[in-house]
Amino acid sequence: MMTEIIAINPANPQADRIRRAARIIKQGGTVAFPTETVYGLGANAFDQRACESIFKIKKRPADNPLIVHICSMKQLHDVAEGVGEEILKSARLFWPGPVTLILKKTDAICDAATAGLKTVAVRMPAHPIALKLIEASGVPIAAPSANLSTKPSPTKVDHVLQDLDGKVDMIIDGGDTEFGVESTIIDMTKRPFVLLRPGAFTVEEIEKHIGGIRIPKGINKQLNSGIAIAPGMKYRHYAPKKKLIAVEGRALFLNGVKNLSEQGKIAVLCSNETADRLECKNLEIIRLGSEKNPYEIAKRLFDSFRLLDKTDAGMGIIQTFPERGIGLALMNRITKASYAYVRSEAELKRLQNLIT
Ligand code: TXA
Ligand code: MG
């Protein structure tokens, strides 16, 4: 398929270009577009065939539902049912913004968009291109992240091109995304509300607005490998192709870098502060930014995973960050991308025996 690549100004989207993209959505096609979190791969949320094509293009498992994007509070009622005052209040606080709410779905939303569930994930993005595109399309847009399944989410148009060029009808180049991690997902069909995915909007901020939400134990303990260096970490998710090892604590991290680099070249994904303390040779250093600004680190994280795979290093080692504020989402993505999570000298030894 020929993919049309079109640049749109994020600060002031050109109306004629938005119309061209919207025409594709209306005709049942697929358009990759920027949001404030990551790029999304969009199709008409009312169109079963269009939404099915998203799954085919991404090679996404059929049981993993999409997020439906809306551009107004009025449109919320086209996608969700039984939206009472309590939910409206939350929606008004968070939207437009990087929060996705799980609600009861309307019949109009196609089964593919929700993977057959009776609930729907809804979000009003805070990005002028996304909002204008939904508005011009006249329909809600179902959009998962615009990466191939198992690859990191795209934060740059280059990432989208790497994964989807030739597979989708259009890719909108709207520059780098602002947050670089996906939206926070809250299940509003349960009481208390439940956090399903930590994301760009912090839990602390959410709780300030709507009170306590339930955070399931182990939400940040899912590794991509089947191995359990520490117990209870046996899940699979996206990851760089190269093995990535997360190491907690600066001293242990520096020690891990030293030991692992003795066996061959490794890539080091770390803060500027940590990078300044690295002394070993045989390293490919990928700086994530200053620890003083964890938002900067979050913004670069997915790009750093893709950079890791481009290096000639045998594996990567990444430092961990405090699970506060945006740090919760940051650590959630780091853990999911990691082959192992190391917290002690003993675990480091065990890991070295395992991988050498
Ligand atoms: O920031 C974001 O959320 C980006 C941009 C494009 O909006 N989208 C995104 O979509 O990250 P995706 O498909 O990569 O992640 C959607 C997540 C999945 O983990 C899925 O399981 C969950 O939303 N989800 C969707 N519908 C759901 C439902 N009805 N119940 C529970 N989880 C749901
Ligand atoms: Mg995704």
Side-chain angles (χ1 to χ4, degrees), residues 3-27 29-47 50-51 54 57-58 65-76 78-80 91-101 109 113 120-147 153-161 163-164 168-185 197 199-201 299 302:
T3 299
E4 186 180 354
I5 297 154
I6 173 172
I8 299 187
N9 179 357
N12 190 11
Q14 298 91 325
D16 57 324
R17 297 184 184 198
I18 290 287
R19 271 199 301 276
R20 247 161 74 195
R23 201 172 310 133
I24 293 174
I25 297 284
K26 280 190 267 196
Q27 290 168 350
T30 47
V31 175
F33 62 96
T35 80
E36 78 279 31
T37 56
V38 300
Y39 273 78
L41 172 57
N44 178 354
F46 295 150
D47 185 333
C51 286
I54 289 179
I57 292 164
K58 281 188 56 122
L66 314 178
I67 292 176
V68 173
H69 297 71
I70 57 173
C71 65
S72 68
M73 290 306 279
K74 190 168 157 278
Q75 203 170 34
L76 174 58
D78 300 339
V79 304
R92 283 195 207 102
L93 282 166
F94 300 139
W95 291 346
V99 179
T100 296
L101 305 179
I109 295 291
V120 60
V122 190
R123 159 166 128 80
M124 191 195 296
H127 193 294
I129 293 177
L131 287 172
K132 293 272 187 218
L133 177 62
I134 302 162
E135 198 185 337
S137 302
V139 291
I141 296 184
S145 48
N147 51 293
S153 293
T155 58
K156 296 169 174 289
V157 74
D158 275 350
H159 301 160
V160 182
L161 290 167
D163 284 12
L164 301 182
V168 299
D169 294 302
M170 179 183 271
I171 295 174
I172 297 176
D173 177 357
D176 294 357
T177 60
E178 184 187 334
F179 286 105
V181 288
E182 305 91 336
S183 61
T184 307
I185 305 182
R197 177 175 77 183
F201 205 101
K299 184 170 179 165
F302 287 139

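All values below were derived from every heavy atom in this structure, side-chain atoms included, with hydrogens, water molecules and symmetry-related copies excluded.
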Decide yes or no for [X] and [Y]: does some side-chain heavy atom of the first lie under 4.5 Å from some side-chain heavy atom of the second?
{"X": "D169", "Y": "Q27", "answer": "no"}
{"X": "F94", "Y": "T184", "answer": "no"}
{"X": "N12", "Y": "P128", "answer": "no"}
{"X": "V31", "Y": "V168", "answer": "no"}
{"X": "H127", "Y": "T37", "answer": "no"}
{"X": "F33", "Y": "K132", "answer": "no"}
{"X": "P144", "Y": "I54", "answer": "yes"}

**Asked** Does the side chain of T100 pick up a donor-acceptor pair with the side chain of S183 at under 3.5 Å?
**Response**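 Yes, side-chain donor-acceptor contact under 3.5 Å.
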Mind listing the closest non-hydrogen atom pair of [X] and [Y] along with its distance?
{"X": "W95", "Y": "R123", "value": "CZ2-CA, 3.8 Å"}
{"X": "Q75", "Y": "P140", "value": "NE2-N, 3.4 Å"}
{"X": "C51", "Y": "A43", "value": "N-CB, 4.4 Å"}

Rounded to the nearest 0.5 Å, how far apart are [atom1] of [X] and [atom2] of [Y]?
{"X": "L41", "Y": "L164", "atom1": "CG", "atom2": "CG", "result": "6.0 Å"}
{"X": "T30", "Y": "I141", "atom1": "OG1", "atom2": "CD1", "result": "11.5 Å"}
{"X": "I109", "Y": "D47", "atom1": "CD1", "atom2": "CG", "result": "11.5 Å"}
{"X": "R20", "Y": "L133", "atom1": "CZ", "atom2": "CG", "result": "13.0 Å"}
{"X": "Q14", "Y": "N9", "atom1": "CD", "atom2": "CG", "result": "5.5 Å"}
{"X": "E4", "Y": "M170", "atom1": "CD", "atom2": "CE", "result": "3.5 Å"}

Can you check whether [Y]'s main-chain N or O pairs, donor with acceptor, with [X]'s side chain at less than 3.5 Å?
{"X": "K58", "Y": "S145", "value": "yes"}
{"X": "Y39", "Y": "T177", "value": "no"}
{"X": "R19", "Y": "A136", "value": "no"}

